[in-house]
Amino acid sequence: MTTRKRKNSLLPQSESASDQTDAEPLKRLNQCQFDTNSVPQHLSPYFSMRESIRLTYSFFNQPCIDLAKAFLGKVLVRKLTDGTELRGRVVETEAYLGGEDKASHSAGGKRTERNTAMFMKPGTIYVYPIYGIYLCMNVSSQGEGAAVLLRSLEPLSGQDVMRGLRAAKRKAGAKILKEKELCNGPSKLCQALDIQRCFDRRDLATDTEVWLERDPEREIDCAGEVVSAPRIGVESHGEWATKPLRFYLRGHPCVSVLNRDAERQTQSSTDLRNTEMERTV
DNA sequence: GGTGCGATCGCCT
DNA sequence: GGCGATCGCACCG
């Protein structure tokens with residue numbers, strides 16, 4: 001495996017993140033979390049900041065592919081009944097377009113009891129069980145039956161609680177999970193954030209137990225750092241299996257499955273800058 | 001590290 | 001009755 005040094009990137013180096021240094025890139029990213037001390041003293045840090053960074057209907061009301069990319073870098077927050085807030089940055093998503101998208105549960109406009117949430121207003125949560133034992137979480141977008149699957153998060157806070165929730169579903173004596181292993185898969189993130197089946201059809205824009213925030217410290221245009229690759233686990237759906245509808249942050253250690261071919265084909269903004277510099281020098 | 005396989009049950013045909 | 005937008009573990013090199 002080749003290890004490519006990255007320049008000018010706010011993202012960690014996944015390739016070089018060996019086990020013993022695994023927590024380091026995450027720590028560096030965590031230092032970018034917003035600082036309530038920056039809020040003017042006469043305002044309540046909690047309410048003023050929280051209101052301004054929570055994403056509302058207008059964010060979710062965009063075409064599916066746009067929303068899938070827009071999710072990257074945003075922070076999913078889960079508030080437990082005891083008040084504990086679990087937070088994770090979205091680093092990997094997939095777009096399911098509905099209609100002609102044969103890999104979508106809503107392919108052909110098919111509407112069932114299970115997938116009703118996909119047809120509800122943008123921002124509606126669609127939670128469904130898979131393989132009898134797992135759950136996956138989607139969020140509906142613009143477009144009939146279209147939704148975005150949340151595949152991976154970078155844990156930002158509440159990691160110990162997440163580890164406990166994940167361990168509860170594993171064999172006793174299983175190895176302690178590393179931080180990057182807590183939410184690196186669609187069902188893993190549901191376990192780690194205690195996303196339950198009853199969250200189906202709830203509104204991510206207004207719910208009191210789960211919501212999405214932008215990260216004011218990381219309002220960067222990461223379009224050039226997004227890798228587009230075929231979706232996972234849809235191989236049986238012909239041409240739709242090969243369409244690049246999975247999106248992830250290049251080089252991030254919490255991505256569930258890397259696709260080196262797609263990474264080569266999706267040139268990063270760093271590469272583009274370097275190419276541009278080489279051309280002008 | 002990469003790969004292969006079994007678990008397990010709700011949903012849909 | 002068959003299958004699946006997954007995961008964990010054993011095994012191999």
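Note that these values count all heavy atoms, side chains included, but never hydrogens, waters or copies made by symmetry. This is a predicted model, so every value here is computed, not measured. Naming convention: chains lettered A, B, ... in sequence-line order (proteins, then strands); numbering from 1 in each chain.
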I'd like a table of donor-acceptor pairs (distance under 3.5 Å, sequence neighbours excluded) in which one partner is a side-chain atom from residues 55-63 of chain A, with atom names and distances.
unit_1  : atom_1 : unit_2   : atom_2 : d
A/Asn61 : OD1    : A/Gln142 : NE2    : 3.1
A/Gln62 : NE2    : A/Phe59  : O      : 2.8

- [ ] Please check the phosphate of C/dG8 (OP1 and OP2 only) for any side-chain N or O of A/Lys175 closer than 4.0 Å.
- [x] no

For the pair made of [atom1] in [X] and [atom2] in [N], what is the distance, rounded to whole Å?
X	N	atom1	atom2	value
A/Asn184	C/dC7	CG	C1'	10 Å
A/Leu97	C/dA5	CG	P	15 Å
A/Asp200	B/dG10	CG	P	15 Å
A/Leu189	C/dA5	CG	C1'	12 Å
A/Ile130	B/dC9	CD1	C1'	12 Å
A/Glu92	C/dT6	CD	C1'	13 Å
A/Gln191	C/dT6	CD	C1'	10 Å
A/Lys180	B/dG1	NZ	C1'	11 Å

Can a salt bridge be assigned to the pair [X] and [Y] using a cut-off of 4.0 Å between side-chain N and carboxylate O?
X	Y	answer
A/Arg202	A/Glu209	yes
A/Arg201	A/Glu113	yes
A/Glu94	A/Arg151	yes

Counting N and O atoms only, with roles assigned by atom type, does the side chain of [X] sit under 3.5 Å from a partner on the main chain of [Y], one being a donor and the other an acceptor?
X	Y	value
A/Tyr96	A/Cys64	no
A/Glu144	A/Phe119	no
A/Thr242	A/Gly238	no

Task: Stretch residues 239-247 of chain A: residues that reach within less than 4.0 Å of DNA chain C through a heavy atom - done: none

Open item on the list: Quick test of your reading: applying salt bridge (charged side-chain N to carboxylate O under 4.0 Å, His left out), list the pairs with at least one residue in residues 115-140 of chain A, sequence neighbours left out, ordered by first then second residue.
Closed with: A/Lys121-A/Asp203

Task: Residue pairs, two or more places apart or on separate chains, that pass salt bridge (charged side-chain N to carboxylate O under 4.0 Å, His left out) and touch residues 226-238 of chain A - done: A/Asp101-A/Arg231

Task: Given DNA chain C, 5'-ward residue of the pair A/Tyr126 and A/Leu177, judged by closest heavy atom - done: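 It is A/Tyr126 whose nearest nucleotide is closer to the 5' end.
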
TODO: Could you tell me whether the side chains of A/Asn184 and A/Lys188 share a donor-acceptor contact shorter than 3.5 Å?
DONE: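 Their side chains do contain a donor-acceptor pair, which is all the 3.5 Å distance test asks for.
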
Open item on the list: Please tell me whether A/Ser157 and A/Glu85 have a donor and an acceptor in their side chains that are separated by less than 3.5 angstrom.
Closed with: no

Task: Which residues share a salt bridge (charged side-chain N to carboxylate O under 4.0 Å, His left out) with A/Asp82, sequence neighbours left out - done: none

Task: A/Tyr128: partners by ring pair (Phe, Tyr, Trp, His ring centres under 6.0 Å), with sequence neighbours left out - done: A/His105, A/Tyr126

Task: A/Ile133 vs A/Arg197, nearer the 5' end of DNA chain B by closest nucleotide - done: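 The residue whose closest nucleotide sits nearer the 5' end is A/Ile133.
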
Task: Contacting residues from residues 103-119 of chain A, given that a heavy atom lies under 4.0 angstrom of DNA chain B - done: A/Lys110, A/Thr112, A/Arg114

Task: Set of residues satisfying side-chain hydrogen bond (donor to acceptor under 3.5 Å, both in side chains) with respect to A/Arg197, sequence neighbours excluded - done: none

- [ ] Would you classify A/Leu149 as touching base, sugar-phosphate or nothing, given that sugar-phosphate means primed atoms plus P, OP1 and OP2, and contacts are heavy atoms under 4.0 Å?
- [x]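 If one applies the 4.0 Å heavy-atom cut-off, A/Leu149 turns out to touch a base.
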
Which protein N or O atoms sit under 3.5 Å from an N or O of nucleotides 10-13 of chain C?
none

Task: Proximity to the side chain of A/Tyr131 - top-ranked nucleotide from B/dT8, C/dC7, B/dG10 - done: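 Of all the options, the side chain of A/Tyr131 is nearest to B/dT8.
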
Task: Hydrophobic cluster of A/Ile232, others only, ordered by chain and residue number, side-chain cut-off 4.5 Å - done: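 Hydrophobic cluster check, A/Ile232: joined to A/Val257.
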
Task: No-H, no-angle donor-acceptor pair, A/Tyr128 side chain to C/dA5 base, under 3.5 Å - done: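 Such a pair is found, so the answer is yes.
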
- [ ] Please indicate yes or no: is the ring centre of A/Tyr96 less than 5.5 Å from the centre of the six-membered base ring of C/dA5, with the two planes inclined by under 30 degrees?
- [x]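 So yes, this residue stacks on that base, both cut-offs being met.
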
Open item on the list: Only Watson-Crick and G-U wobble pairs with both distances less than 3.5 Å should count. Give DNA chain C in dot-bracket notation, marking inter-strand partners with |.
Closed with: ||||.|||||||.

Can you pull every protein N or O that's under 3.5 Å from an N or O on nucleotides 3-6 of chain B?
none

TODO: Flag yes if more than 12 heavy atoms outside A/Lys243 fall under 6.0 Å of its NZ atom; otherwise flag no.
DONE: yes

Open item on the list: Checking salt bridge (charged side-chain N to carboxylate O under 4.0 Å, His left out) between A/Asp215 and each of A/Lys74, A/Arg89, A/Arg87, A/Arg54, which is the one that passes?
Closed with: A/Arg89

